[in-house]
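Structure first, then comments.
Below, chain A is the first sequence line, B the second, and so on; all start at residue 1.
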Number of protein chains: 2
Amino acid sequence: MLPQPPMQNSRSLARQLREQALLKLAQQILRQDGFAGLTMDRLTALSDVSKGTLYNHFSSKEDVLTALSVDSLERLQHLFQLALNFNGHSRERALALHYAYHRFSAAEPTLFLCLLTAATPGVMEKSSPERLLRRQQLETELLTMCQTVLSAALADGSLTLPAGAAVEQYSFINWALAFGCNALFAPLRQLGLFAGLQAGQINIQSINLLFDGMGWLPLSADWDYQASWHRIGLIFSQQLMSDPLIHPTLNQTQEPA
Amino acid sequence: MLPQPPMQNSRSLARQLREQALLKLAQQILRQDGFAGLTMDRLTALSDVSKGTLYNHFSSKEDVLTALSVDSLERLQHLFQLALNFNGHSRERALALHYAYHRFSAAEPTLFLCLLTAATPGVMEKSSPERLLRRQQLETELLTMCQTVLSAALADGSLTLPAGAAVEQYSFINWALAFGCNALFAPLRQLGLFAGLQAGQINIQSINLLFDGMGWLPLSADWDYQASWHRIGLIFSQQLMSDPLIHPTLNQTQEPA
DNA sequence: AAAAAAGTTGACGGATCGTCATTCTAGGTG
DNA sequence: CACCTAGAATGACGATCCGTCAACTTTTTT
């Protein structure tokens, strides 16, 4: 039924598995030693493949980062799927999408930073075109999921677009706000700026303001979205957030710079 | 009258001038050859100082990026000052702040990307503490300027905080939205995603939604903020946006990788 | 004028990236 | 079973780049 699955299954399957293992390892290094600790030599040394093979998978070090960001987007897509299944009205489901994004950035700060750095020109310049394309495609799909909720809201009448506004504009604004909130919290966590503000609190408050501004019913005055936020959290807690690590022993390495 | 200006004026003045020239040159390279093209060797070769002297000014390559981001923040501060002087009601002045931010990111995409990359852990890890401190200080000042407008709005009654909300939260949300909008537009400009959306249009629309959600009077239904946006633009156009380039001849270099 | 302090230089060590000639391996052929 | 070949894997190597430091020059002090 599928269009054309590559015939050489044993080959390409092993290839895929190895690529996943390499990415997992890269992620591990990133978590442990920061971005400066991630070098191709180190990645080779800790893996069971050689440099040449590594470069058979990734065209450059930056390509590894882009690959990690693709990985992140796929996990995000999975979380978004959960959010869309939330049992509630449309504005709650939109809130669930924001929750998923927030939850991911909090649970996987390293990967979220990958998302940030992968959008940096220095990284994009040196990544393989195929992977960049894949990333763009995933981003489009995620955006489509957001627009799904908006369309549903328009259909059931809880949201009405002003004249001259398009669904894409609204989804863009949502994305921008979510991105801004989570991105700003990443570096600000260690800095003192905005100290004392809870990430979750700020998030839900921002979204409420935006949705109220959009006139999305029921307004925050008429509904306890704090409670919704909490209920949404439950369906994500049940689901496993992070997959088990493949290489738990990473101790025999020299200490980072 | 000044507290204690360093006595060795001729020395430190020359030093400051040279540092400015170096930063200008770095910016030039960045514009021309992208982030990959900026290397310390190249920066030295194109300047009239040696490597050692360069490292007398900047502790590392990343420190150069942080320095550029500090530079950007200073220019942003200048633009914010202009915005605060805009003759209008408080919500218009807030809009002017957003305009300044947007205008800067559009006019100086390279520097705006510096702001992004300088917040990256890989860069922060290797920048000099003094410069990082300076950056944080500037960010605080910018944020204070935002809060000034919010406080004024609270004072004149055009804005009222709901119970349990603080001014910092509101300024954070504003900052996050502005950052998200402009950051998302940066890579998307070259990509096809969101094609056909005008950055300025999206920006003003987002802000209107947020401010309406905050209940900031006059609401967008009762005031033509499109016209305000245009009027605000005038005071920025009069002011010079970009300073003249010091090294217009940058042609004798080898072509980038 | 001599000495001390401050500033500048560019060659060098170390680290990392990405390549490529060589080696290995799986699967087919006589 | 011996041989062959296409494709994959290897790791040594050249190139690049970062940041340092001993030697040298300029400025200031004595």
> How is T39(B) classified with respect to the nucleic acid when contacts are heavy atoms under 4.0 Å: base, sugar-phosphate, or nothing?
Replying inline: sugar-phosphate
> Could you state the NE2-P distance from H57(B) to dG7(C), rounded to the nearest angstrom?
Replying inline: 10 Å
>> How many whole angstroms separate atom CG of L22(A) from atom C1' of dA9(D)?
In response: 13 Å
>> In whole Å, I'd like the distance from the CG atom of L43(A) to the P atom of dT16(C).
In response: 13 Å
> Whole Å only: how far is the OH atom of Y55(B) from the P atom of dT9(C)?
Replying inline: 15 Å
> Rounded to whole angstrom units, what separation is found between the CE atom of M40(B) and the C1' atom of dA15(C)?
Replying inline: 16 Å
>> For a quick check of understanding: with a heavy-atom distance under 4.0 Å over all strands, which category does T44(A) fall into, base, sugar-phosphate or nothing?
In response: nothing
> Within this structure, what is the CD-to-P distance between E19(A) and dA8(D), rounded to whole angstrom?
Replying inline: 14 Å
>> Under a 4.0 Å threshold between the charged nitrogen and the carboxylate oxygen, would R131(B) count as salt-bridged to D63(B)?
In response: yes
> What nucleotide among dT8(C), dG19(D), dA9(D) has an atom nearest to a side-chain atom of S50(A)?
Replying inline: dA9(D)
>> Can you identify which nucleotide, out of dC17(D), dG18(C), dG19(D), has its nearest atom closest to the E62(B) side chain?
In response: dG19(D)
> For the side chain of K51(B) and the base of dG19(D), is some donor closer than 3.5 Å to an acceptor across the two?
Replying inline: yes
> Do the side-chain N or O atoms of T53(B) get closer than 4.0 angstrom to the phosphate oxygens (OP1, OP2) of dT9(C)?
Replying inline: yes
> If each of A36(A) and G52(A) is mapped to the nucleotide of DNA chain C with the nearest heavy atom, which maps nearer the 5' terminus, i.e. the 5' end?
Replying inline: A36(A)
> F58(B) and side-chain contact (heavy atoms from CB on, under 4.5 Å): which partner among T66(B), L22(B), L43(B)?
Replying inline: L22(B)
> Hey, mind stepping through R135(B) and E139(B) against salt bridge (charged side-chain N to carboxylate O under 4.0 Å, His left out) and telling me if it holds?
Replying inline: CA-CA 6 Å; R135(B) 186 161 79 84; E139(B) 279 176 356; 2.9 Å; yes
>> Looking at R18(A), I'd like to know whether one of its side-chain N or O atoms comes within less than 4.0 Å of OP1 or OP2 on dA9(D).
In response: yes
> For the pair made of NZ in K61(A) and P in dT19(C), what is the distance, rounded to whole Å?
Replying inline: 15 Å
> Quick one: which of L111(B), L113(B), V64(B), L68(B) gives a side-chain contact (heavy atoms from CB on, under 4.5 Å) with L30(B)?
Replying inline: L68(B)
>> Is N56(A) close enough to dA9(D) that one of its side-chain N or O atoms is under 4.0 Å from OP1 or OP2 there?
In response: yes
>> Which residue in the set I207(A), L97(A), N203(A), I202(A) passes side-chain contact (heavy atoms from CB on, under 4.5 Å) when paired with H102(A)?
In response: N203(A)
> Atom CZ of F58(B) to atom P of dC18(D): distance rounded to whole Å?
Replying inline: 14 Å
